[in-house]
Amino acid sequence: MTQTTPATPAQNPAIRVRFAPSPTGQLHIGGARTAIYNWAFARAQGGTFILRIEDTDPERSTEENTQVILRALQWLGLDWDEGPSVGGSAGPYSQTQRQDSYAAALEQLRAAGAVYPCFCTKEALDAKRAAAEEHDGGYAGYDRTCRDLSPEEARARIEAGQAHVWRLRVPNDHGAIAFDDAVYGPISFPANVMDDMILVRSDGSPTYNFAVVCDDINMRISHVIRGDDHLSNTPRQILIYEALGAPVPTFAHLSMILGPDNKKLSKRHGATSVEEYRDRGYLSDALVNFLALLGWSLDGETTIIDRATLTENFSLDRVTKKDAVFDETKLDWMCGVYIREMGAAAWVRAATPWLLTAGAQAADIAAQPARYEALYPLVAERLTRFDEIPEKLGYMFWGATVQLDEASVNKILKK
RNA sequence: GGCCCGGUCGUCUAGCGGUUCAGGACGCCGCCCUCUCAAGGCGGAGGUCGCCGGUUCGAAUCCGGUCCGGGCUACCA
């Protein structure tokens with residue numbers, strides 16, 4: 001039911017993008033849109049689309065969630081060139097398997113003096129922050145108490161087994177951190193407000209910002225296309241690229257997807273995961289088309305855009321900066337369009353699960369497909385989602401007794 | 001508090017100083033088609049481009065300010 005683009009070798013090896021979900025839940029609408037943009041960009045550029053699992057949070061990451069995300073991506077038809085289950089030369093593709101590379105990066109940073117050990121406890125830090133927020137200026141970041149410890153003292157405390165994290169030594173004379181975002185344009189952050197952020201926790205694990213930069217460097221990512229919520233993380237990450245002496249990729253940030261109340265899309269808005277939409281009988285072609293248009297446009301006129309058109313014409317310079325409200329009524333309409341265009345055979349194939357709940361027998365569908373294909377012209381033009389099938393077609397499977405709708409009887413038959 | 005980003009019909013958007021620049025789509029309303037409901041066709045109502053100044057012969061488009069909304073500011077990602 002979902003056709004994916006054939007896995008052709010990349011014609012443009014320099015273009016490498018990645019979608020990097022953390023398996024802490026289902027693939028939600030916002031993540032799906034990010035994945036679609038990465039995928040479409042890679043296909044349009046003849047580049048490589050990589051899938052990477054960011055499972056550094058052992059508390060919330062599960063293997064089951066990883067499988068759910070993979071399944072959702074497959075259902076959407078977003079085939080990845082490198083990643084889980086397909087492999088690739090830049091693997092492994094989950095962060096828990098890349099610990100050695102983070103350790104190596106830390107070692108490089110230590111040798112260069114770009115990081116320093118910090119012995120402040122979390123409790124002490126929390127207390128300082130709370131105190132600072134009481135006063136006028138507010139909290140201004142880590143106060144750098146450990147930044148100027150003598151190398152001898154630092155070494156002695158480490159050898160004595162004192163718990164410590166590793167912080168980035170942000171250069172004092174660093175000018176503004178500027179970059180040209182592919183959707184937002186030129187953006188600049190003053191470097192003096194940058195915190196000496198933690199790169200490696202006291203348990204030796206890398207923090208998010210550190211792991212992401214290491215992975216993106218090692219996987220030779222050329223364009224980082226991700227959610228808007230990372231815009232403010234970008235200058236921090238650029239500092240890490242610089243400390244590591246690695247080229248900085250192009251960044252492209254995507255605005256947020258909001259619920260009908262203009263608030264960030266969340267569970268209380270109802271369905272927010274891709275698989276919920278699948279289960280409610282939406283066609284993945286329609287979902288992809290709809291999501292692609294939530295923040296991007298082909299020409300401002302065209303609304304029905306199939307996969308081929310999307311993967312040929314997608315471009316970052318036509319992505320909007322403005323947050324978008326997820327409007328389900330338009331999705332319904334769009335899904336109806338796809339149903340009307342899919343044809344009888346494809347319809348029966350896709351509709352089978354719902355025909356079964358309507359009362360049809362699997363064996364019967366297999367035995368006489370033509371009979372079911374004949375149903376298509378009957379319902380295609382009044383169907384917007386497959387989960388309406390039991391209601392609209394259930395009478396076909398009632399047998400000899402047919403119940404008439406009272407309202408319809410009064411309106412028509414009694415005349 | 002500090003830093004950063006955004007603001008065009010109810011919603012998704014086009015527009016990137018001047019030939020309908022306010023266009024397209026969903027939704028909504030009406031008409032046509034029609035044994036119902038849809039689908040389809042035609043037409044209509046919806047935006048003084050958040051607000052205030054400025055630049056200019058001319059601004060939704062450039063500049064400043066302001067308001068509102070959002071993000072980051074964690075040993076979360």
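Reminder, nothing fancy here: chain letters follow the sequence lines and each chain counts from 1. Just so you know, these numbers use all the heavy atoms, side chains as well, and skip hydrogens, waters and symmetry mates.
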With the side chain of [X] defined as its heavy atoms from C-beta on, choose the nearest nucleotide among [options].
{"X": "A:Ala324", "options": "B:G15, B:U13, B:C75", "result": "B:U13"}
{"X": "A:Thr303", "options": "B:A77, B:A25, B:G10", "result": "B:A25"}
{"X": "A:Met256", "options": "B:G70, B:A74, B:C12", "result": "B:G70"}
{"X": "A:Thr320", "options": "B:A77, B:U73, B:U13", "result": "B:U13"}

Using a distance-only test with no angle check, is there a side-chain donor-acceptor pair under 3.5 angstrom linking [X] and [Y]?
{"X": "A:Arg385", "Y": "A:Tyr282", "value": "yes"}
{"X": "A:Arg16", "Y": "A:Ser222", "value": "no"}
{"X": "A:Thr66", "Y": "A:Arg71", "value": "no"}
{"X": "A:Tyr208", "Y": "A:Asn233", "value": "no"}
{"X": "A:Asp55", "Y": "A:Gln95", "value": "no"}

Taking only the [atom1] atom of each, what is the distance from [N] to [M] in whole angstrom?
{"N": "B:C9", "M": "B:G71", "atom1": "C1'", "value": "28 Å"}
{"N": "B:C21", "M": "B:G1", "atom1": "C1'", "value": "42 Å"}
{"N": "B:A14", "M": "B:A25", "atom1": "P", "value": "15 Å"}
{"N": "B:C42", "M": "B:G58", "atom1": "C1'", "value": "38 Å"}
{"N": "B:G24", "M": "B:G46", "atom1": "C1'", "value": "15 Å"}
{"N": "B:G47", "M": "B:U66", "atom1": "C1'", "value": "22 Å"}
{"N": "B:G69", "M": "B:A60", "atom1": "P", "value": "26 Å"}

Would you say the rings of A:Tyr277 and A:His28 are close, in the sense that their centroids are separated by under 6.0 Å? no

Quick check: A:Trp296 with A:Phe314 (ring centres under 6.0 Å apart)? yes

Base, sugar-phosphate, or nothing for [X], non-hydrogen atoms under 4.0 angstrom?
{"X": "A:Gly295", "answer": "sugar-phosphate"}
{"X": "A:Thr56", "answer": "sugar-phosphate"}
{"X": "A:His230", "answer": "base"}
{"X": "A:Val325", "answer": "sugar-phosphate"}
{"X": "A:Thr329", "answer": "sugar-phosphate"}
{"X": "A:Asp229", "answer": "sugar-phosphate"}

Respond yes when some side-chain nitrogen or oxygen of [X] is under 4.0 Å from OP1 or OP2 of [N], and no when none is.
{"X": "A:Tyr139", "N": "B:A74", "value": "yes"}
{"X": "A:Arg60", "N": "B:C76", "value": "no"}
{"X": "A:Arg318", "N": "B:G15", "value": "yes"}
{"X": "A:Ser297", "N": "B:A14", "value": "yes"}
{"X": "A:Arg201", "N": "B:A77", "value": "yes"}

Does any pair with a residue in residues 288-305 of chain A pass salt bridge (Lys or Arg N to Asp or Glu O under 4.0 Å), and if so which ones, sequence neighbours excluded? none

Are [X] and [Y] in a cation-pi setup, meaning NZ or CZ lies under 6.0 angstrom from the ring centre and within 45 degrees of the ring axis?
{"X": "A:Arg43", "Y": "A:Phe49", "value": "no"}
{"X": "A:Arg157", "Y": "A:Phe119", "value": "yes"}
{"X": "A:Arg129", "Y": "A:Tyr139", "value": "yes"}

Go ahead and name the base partner of [N]; Watson-Crick or wobble counts if both distances stay under 3.5 Å, otherwise write none.
{"N": "B:G1", "value": "B:U73"}
{"N": "B:U11", "value": "B:A25"}
{"N": "B:C33", "value": "none"}
{"N": "B:A59", "value": "none"}

Could you list the protein-to-nucleotides 3-9 of chain B atom pairs, N/O on both sides, closer than 3.5 Å?
residue, atom, partner, partner atom, Å
B:U8, OP2, A:Lys322, NZ, 2.1

Can you check nucleotides 60-63 of chain B for protein contacts, nitrogen or oxygen pairs under 3.5 Å, and list what you find?
none

Pairs under 3.5 angstrom only: tabulate donor-acceptor contacts from the side chains of residues 100-107 of chain A to other protein residues two or more places apart or in another chain.
residue, atom, partner, partner atom, Å
A:Ser101, OG, A:Arg98, O, 2.7
A:Tyr102, OH, A:Asp215, OD1, 3.0
A:Tyr102, OH, A:Asp215, OD2, 3.0

The salt bridge (charged side-chain N to carboxylate O under 4.0 Å, His left out) partners of A:Asp261 (sequence neighbours excluded) come to A:Arg268

Protein-nucleotides 38-47 of chain B N/O pairs under 3.5 Å:
residue, atom, partner, partner atom, Å
B:A38, O2', A:Glu381, O, 2.5
B:A38, N1, A:Glu381, OE2, 3.2
B:A38, N3, A:Glu381, OE2, 3.0
B:A39, O4', A:Glu381, O, 3.4
B:A39, O3', A:Arg340, NH1, 3.4

Starting at NE2 of A:His28 and ending at P of B:A77, how long is that distance when rounded to a whole Å? 15 Å

